[in-house]
Colleague: 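Quick one: structure below, then a few questions.
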Amino acid sequence: MLWLIFILMARCLRLAAVAIVVCSELVCADEPLRYWEEDCSAAMQNILLAANALGLGSVWLGVKHGDNNLEGKLKTLLDVPDRIAMMGIAAIGWPLETKDPHKGIDAHSLHINKW
């Protein structure tokens, strides 16, 4: 399964004009950063929205969670220090295809005022 993830990531990154690796320090001023994942997620979403506003295509390549130590392997490849956590990679470029917008929410998954 890990090889498939690497192949898909490699294809996205090979075709991308630029890749932005979103990372965070885990400790700042001797205090652990408790919300670094939320901060990095917001940063990643803003990167993707900015790319779209410029007419570019983008994809969030997640590397943080999973049983295959993808983050560790990429940190070694990119020489990222141990004190830095890697959230993901934004692959950005000119889109090869366009897709129709999402058609809406499945009515069975929408809950109002209660589960």
Side-chain angles (χ1 to χ4, degrees):
M1 183 66 173
L2 181 60
W3 62 269
L4 180 59
I5 293 169
F6 274 129
I7 289 172
L8 293 173
M9 288 184 87
R11 182 173 185 269
C12 286
L13 292 172
R14 182 175 49 83
L15 297 174
V18 68
I20 300 172
V21 181
V22 178
C23 300
S24 175
E25 291 191 88
L26 297 175
V27 176
C28 183
D30 295 328
E31 292 291 324
L33 295 176
R34 295 177 37 200
Y35 298 104
W36 74 266
E37 287 182 319
E38 291 85 346
D39 293 340
C40 285
S41 296
M44 177 69 82
Q45 186 65 38
N46 285 331
I47 291 167
L48 301 180
L49 289 170
N52 182 267
L54 294 171
L56 299 171
S58 61
V59 63
W60 179 335
L61 302 169
V63 300
K64 180 63 186 158
H65 299 288
D67 298 330
N68 51 32
N69 193 27
L70 181 59
E71 178 189 16
K73 291 175 176 143
L74 288 171
K75 284 173 72 171
T76 299
L77 178 70
L78 299 173
D79 199 24
V80 176
D82 288 338
R83 70 180 188 283
I84 304 296
M86 184 182 289
M87 172 58 84
I89 303 171
I92 301 170
W94 292 269
L96 298 176
E97 63 181 341
T98 57
K99 295 184 178 182
D100 291 332
H102 181 65
K103 298 293 183 202
I105 297 172
D106 177 11
H108 298 291
S109 67
L110 182 62
H111 307 281
I112 299 173
N113 295 331
K114 62 179 181 177
W115 185 260

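Note that the structure is a prediction, hence the values are computed from the model and not measured.
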Colleague: Do Leu33 and Ser24 have side chains that approach each other closer than 4.5 Å (heavy atoms only, starting at C-beta)?
Modeller: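 Counting from C-beta outward, Leu33 and Ser24 do come under 4.5 Å.
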Colleague: Has Asn52 got a side-chain atom pairing as donor or acceptor with Leu48's backbone, closer than 3.5 angstrom?
Modeller: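 No, the answer is negative, given that no donor and acceptor are paired below the 3.5 Å cut-off.
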Colleague: Where is the tightest heavy-atom contact between Gly57 and Pro95, given as atom of each residue plus distance?
Modeller: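 Gly57 and Pro95 have their closest heavy atoms at N-CD, 3.5 Å.
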Colleague: Considering only heavy atoms from C-beta outward, does the side chain of Val21 approach that of Val63 to under 4.5 Å?
Modeller: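 No. Closest side-chain heavy atoms not under 4.5 Å.
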Colleague: Check side-chain contact (heavy atoms from CB on, under 4.5 Å) between Pro32 and all other residues, then give those that pass, not counting sequence neighbours.
Modeller: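 Per chain and number, Pro32 pairs via side-chain contact (heavy atoms from CB on, under 4.5 Å) with no residue.
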Colleague: Show every salt bridge (charged side-chain N to carboxylate O under 4.0 Å, His left out) that has at least one partner inside residues 92-107, sequence neighbours left out.
Modeller: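 Checked against salt bridge (charged side-chain N to carboxylate O under 4.0 Å, His left out) - neighbours excluded - no pair reaches residues 92-107.
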Colleague: Report yes or no: do Ile84 and Leu78 belong to one cluster of Ile/Leu/Val/Met/Phe/Trp/Tyr joined by side chain heavy-atom distances under 4.5 Å?
Modeller: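 Yes; tracing contacts between hydrophobic side chains, which count when under 4.5 Å, links both residues.
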Colleague: Identify the two heavy atoms, one from Met87 and one from Ser41, that lie closest to each other, and give their separation to 0.1 Å.
Modeller: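 Minimum heavy-atom separation between Met87 and Ser41: CE-OG, 3.8 Å.
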Colleague: Quick check: is Leu49 connected to Val59 through a chain of hydrophobic side chains (ILVMFWY, heavy atoms under 4.5 Å apart)?
Modeller: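 Not linked; separate clusters.
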Colleague: Would you indicate whether the side-chain heavy atoms of Trp36 and Cys28 approach each other to under 4.5 Å?
Modeller: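 Contact flag for Cys28/Trp36 side chains = no.
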Colleague: Side-chain contact test, heavy atoms from C-beta onward, threshold under 4.5 Å: evaluate it for Leu13 versus Leu61 and give yes or no.
Modeller: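 Yes; the side chains approach each other to less than 4.5 Å.
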Colleague: Would you mind listing every salt bridge (charged side-chain N to carboxylate O under 4.0 Å, His left out) that reaches into residues 81-91, with sequence neighbours excluded?
Modeller: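 Output for this query lists Glu25-Arg83.
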Colleague: Rounded to the nearest 0.5 Å, what's the gap from CG on Leu56 to CD1 on Ile47? Could you check?
Modeller: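 One finds 13.0 Å between CG of Leu56 and CD1 of Ile47.
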Colleague: Hey, are the side chains of Leu74 and Ile89 touching, using non-hydrogen atoms and a 4.5 Å cut-off?
Modeller: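 Leu74 reaches Ile89 side chain to side chain.
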Colleague: Would you say Leu96 ends up clustered with Ile92 if hydrophobic residues are merged whenever their side chains have heavy atoms under 4.5 Å apart, either directly or through other cluster members?
Modeller: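 Different hydrophobic clusters.
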Colleague: If every non-hydrogen atom of Gly88 is compared with every non-hydrogen atom of Trp60, which pair is closest and at what distance?
Modeller: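 Smallest heavy-atom distance, with atoms named: CA-NE1, 4.4 Å.
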